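Can you keep this structure in mind? I'll have questions shortly.
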Amino acid sequence: MLLALCLLASAAAAQPPQARKKRRPPVLSAAKSAVAKQEPKTKEEVLNTVAQSTAPLNEGLLAKTLNAITIDTRYGPVIPFPIVDSSKDLGPSFGVMPVIAVKQKGTGAIKSVLIPSATYNRNLGSTLTYRHYILPDDKRLFILRASHSEHVERELMTYYYTPQLFSTNMRLGVEANHLVDGKPSFYGFGINSDRGDRINYALEMTGEEATLDVPLAGSFFLNVDHSYYVKQVVPGPVKEDSGQFGDLFPAAYAAADDARRFLTNRFALVYDDTDHPSLPKIGTYASAAVLYSARGLGSDYDYRTYSFQLKNYYNYKEEGRYVTAVNYLLQFQRGDDLPFYAQQQLGETTGLRMAGDGRFTGRGKFVFNIEERITLSKTPFYKFISETEIAPFLDVGTVFDRVSDFRARDLKYGPGISARLVIRPQLVATVDFAYGSEGTNAIIRVGYPF
C-alpha cells in the first residue's frame with residue numbers, strides 16, 4: 001500500500017552497504033591462460049555491469065507522470081498519491097496519501113518525510129494514518145507512525161535504526177509498538193483445514209523488540225534479537241464472523257482470548273554476501289537460528305523455535321536484467337502448546353501468495369519459493385532511479401506438527417506473476433497475482449517477498 005513511500009523516503013534513506021569483496025582466484029600462468037576459460041569476475045565488476053547494462057536512462061512515461069503530479073514548494077516536493085489496496089481477508093481499500101518532503105535550509109537535502117493518508121474499507125471503515133520519517137544523516141533512520149480505524153484497527157509505533165552503532169560495523173534496530181491488526185483469519189490447524197471454516201479475528205499486541213547484528217569474520221554475522229510482547233485475540237472487523245470464533249474453535253479460542261506474555265530471545269549464525277539488504281541482485285544468504293522462551297525469564301510459555309533458511313540470487317550473464325531468486329525455509333517448534341497465532345503460519349505474507357493470511361497453521365512449516373525477476377526499464381525521477389520489473393513465480397509450502405510428519409503429497413503449489421516498481425536505493429512496490437487450490441489472490445505490498 002505504501003507506494004508513495006517508495007518515491008521520496010527512499011530518495012533520502014541510507015545508501016546500501018558496499019558489497020563485500022570476493023577474492024579473485026590465483027592468476028593463471030601465461031602458458032595456461034591461452035586455453036583456460038576467462039577468470040570469473042569479482043562482485044564489484046559484476047555490480048558495475050549490473051548498474052550500466054539495463055536500458056539507457058530517458059524521460060519515459062513513468063518519469064513524466066511523476067513529474068506531472070508533483071507539486072514543488074519552498075519546503076520541498078509534494079506528491080498526492082491515490083491508494084488502491086487489496087486483501088483476501090478484508091477486500092479492497094481506497095484512499096489518498098500525499099507525500100510531503102521537507103528540505104533542510106541551505107543544503108536542500110531532504111531531512112524529513114511526512115506521509116499522512118485517509119482510506120476506506122468496507123470492514124474497517126475510514127482509517128486515518130500519520131507517518132513521519134526522520135533522516136538525521138545518510139545512515140540513521142527514525143520512524144513514527146500512528147493509525148486509527150473506524151472499526152477495530154489501531155497502531156502507535158516508533159522505530160530507530162543505525163548501521164554503525166558506536167562508530168562500529170554493528171547494526172542496531174529498536175522498536176516499540178502497540179497494534180490491533182484486524183486483517184488475519186483462522187481456519188483450523190493443519191494442511192487439511194477447511195477453507196469454509198474461516199473466521200476473521202484481530203490480534204492485539206503491545207511491546208518492544210531490539211535486534212543487533214555483530215560482524216564475526218568475512219561474510220559471517222551473529223544476529224541477536226530480543227522481544228517482549230503481550231498478545232491476545234479480540235473480535236475482528238468482519239461483522240459476519242463476530243461471536244463465531246468460540247463456537248467453531250472453542251479450544252483454540254480459549255487459549256487465545258486472554259492476554260499472554262511472550263518474552264523471547266533469538267540467536268542466529270548468518271552468512272550474507274548479497275550486494276544489498278533489501279534489493280539483492282547477486283549473492284547468498286544463509287542462517288541457522290534458535291529462538292527460546294522461558295517462564296523463568298518472564299514469559300508465559302516454555303518453547304523453542306528452530307529456523308533454517310537459504311536464499312540465493314543468481315544473476316544471469318552478470319547483466320542484472322535476469323535475476324533468479326530462490327528461497328528455502330524450514331521452521332519448527334518444540335515445547336509448550338502455543339496459541340494458534342504464535343504457531344507457524346502459511347499464507348500471503350508468510351510464503352504462499354495464493355492464500356489469505358493465516359490460511360494454514362501448524363507447529364512447523366516448509367516453504368520453497370522461486371521467481372525470475374526481469375528488469376524491463378530504468379527511469380530517472382529526481383535524484384534516484386525507478387526500475388520496472390516483472391517476475392513469474394512459484395510458491396510451494398506446507399505445515400505440520402512434527403518434522404517427521406512432513407509429506408510431499410501435502411505440499412501446496414501457487415504459481416503467479418508480479419509487477420514491480422523498484423526504487424533505489426532500498427524499496428520496491430509490488431503487485432502480486434497468484435492462483436492455486438485456494439483460488440486467486442491479488443496482493444499490493446512494499447518489499448520483495450524474500
Side-chain angles (χ1 to χ4, degrees), residues 1-11 60-71 77-101 113-131 133 145-155 181-185 200 236-238 347-349 353-357 371 373 376-377 379 381 386-393 414 416-423 427-435 438-449:
M1 186 179 74
L2 304 182
L3 174 61
L5 170 58
C6 295
L7 293 170
L8 277 181
S10 60
L61 178 60
L62 175 61
K64 292 179 180 179
T65 301
L66 294 176
N67 284 318
I69 65 175
T70 299
I71 303 170
V78 177
I79 309 178
F81 272 98
I83 296 177
V84 180
D85 197 3
S86 176
S87 165
K88 196 163 187 175
D89 301 275
L90 298 181
S93 299
F94 308 93
V96 63
M97 180 166 55
V99 177
I100 306 167
V113 180
L114 306 178
I115 310 180
S117 67
T119 61
Y120 177 80
N121 175 277
R122 66 181 182 88
N123 289 296
L124 297 175
S126 299
T127 300
L128 298 177
T129 303
Y130 172 80
R131 308 169 186 85
Y133 299 83
R145 187 167 68 232
S147 182
H148 185 279
S149 293
E150 189 176 353
H151 305 300
V152 178
E153 288 200 338
R154 308 285 187 274
E155 184 179 21
D181 182 8
K183 182 181 179 181
S185 296
N200 171 252
V238 179
E348 67 178 38
T349 62
R353 281 167 276 189
M354 71 165 174
D357 266 343
E371 57 183 43
R373 299 172 183 174
L376 301 179
S377 66
T379 302
F381 179 70
S386 303
E387 301 173 12
T388 55
E389 177 183 288
I390 61 168
F393 63 80
I417 191 167
S418 294
R420 291 171 181 153
L421 177 64
V422 182
I423 309 295
L427 291 175
V428 56
T430 295
V431 181
D432 294 328
F433 299 93
Y435 64 93
E438 296 297 305
T440 60
N441 197 15
I443 310 165
I444 299 176
R445 72 169 84 201
V446 172
Y448 279 123

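Starting from 1, each residue takes its place in the sequence as its number. All values reported here derive from a predicted model rather than from experimental measurement. Worth knowing before you read on, the calculation uses all heavy atoms, side chains too, and leaves out hydrogens, waters and symmetry mates.
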Are any non-hydrogen side-chain atoms of P116 and P98 less than 4.5 angstrom apart?
->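 Yes - at least one pair of side-chain heavy atoms lies under 4.5 Å apart.
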Rounded distance (nearest 0.5 Å) linking atom OG of S185 with atom CG of L90 |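 Going from OG on S185 over to CG on L90, the span is 7.5 Å.
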L376 vs I390, side-chain contact (heavy atoms from CB on, under 4.5 Å): CA-CA, chis, key distance, verdict | CA-CA 7 Å; L376 301 179; I390 61 168; 3.8 Å; yes
Mind listing the closest non-hydrogen atom pair of M354 and N441 along with its distance?
->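 So the minimum-distance heavy-atom pair works out to O-CB, 3.5 Å.
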Does the pair S147 and T127 meet the rule for a side-chain contact (heavy atoms from CB on, under 4.5 Å), with working shown?
-> CA-CA 7 Å; S147 182; T127 300; 3.6 Å; yes
Find out whether Y133 and I115 are in side-chain contact, i.e. whether some heavy atom of one side chain is under 4.5 Å from a heavy atom of the other.
->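 Yes, side chains in contact.
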Given T129, N121, L124, the one that forms side-chain contact (heavy atoms from CB on, under 4.5 Å) with E153 = L124
Answer whether the closest heavy-atom distance between the side chains of V113 and V99 falls below 4.5 Å.
->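 Sidechains of V99 and V113: in contact.
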Can you find a heavy atom in the side chain of D181 that is under 4.5 Å from one in the side chain of P184?
->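 Result yes, sub-4.5 Å side-chain heavy-atom pair found.
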Residues forming a side-chain hydrogen bond (donor to acceptor under 3.5 Å, both in side chains) with R122, sequence neighbours excluded =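 R122: no side-chain hydrogen bond (donor to acceptor under 3.5 Å, both in side chains) contacts found.
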Is the closest side-chain heavy-atom distance between D89 and D357 below 4.5 Å?
->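 Heavy-atom side-chain distance check passes, below 4.5 Å.
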Least distance between heavy atoms, E438 atom then A355 atom | CG-CB, 3.9 Å
Is the closest basic N to carboxylate O distance between E371 and R420 below 4.0 Å?
-> yes
Please test V428 against L421 for side-chain contact (heavy atoms from CB on, under 4.5 Å), starting from the C-alpha separation and ending with a verdict.
-> CA-CA 6 Å; V428 56; L421 177 64; over 6 Å; no
N/O donor-acceptor pair under 3.5 Å between N200 side chain and G182 backbone | yes
In this structure, which one of K183, K88, R445 forms a salt bridge (charged side-chain N to carboxylate O under 4.0 Å, His left out) with E348?
->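 Answer after filtering K183, K88, R445: K183.
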About how many Å separate CD1 of I79 and OG1 of T70, when rounded to the nearest 0.5 Å?
->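 Output value for this atom pair is 4.0 Å.
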Please confirm whether R353 makes a cation-pi placement over F393, using NZ or CZ under 6.0 Å from the six-membered ring centre and within 45° of the ring normal.
->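 Geometry flag: set, cation within 6.0 Å and 45°.
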Criterion side-chain hydrogen bond (donor to acceptor under 3.5 Å, both in side chains) on R131 and S117, from CA distance to verdict | CA-CA 8 Å; R131 308 169 186 85; S117 67; 3.1 Å; yes
T388 versus S377, closest heavy-atom pair with distance |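 Heavy-atom minimum between the residues: OG1-OG, 2.6 Å.
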Flag the pair L128 / Y130 as yes when at least one side-chain heavy-atom distance between them is below 4.5 Å, and no otherwise.
->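 No - every pair of side-chain heavy atoms lies 4.5 Å or more apart.
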Is R373 positioned over the aromatic face of Y448, cation under 6.0 angstrom from the ring centre and no more than 45 degrees off axis?
-> yes
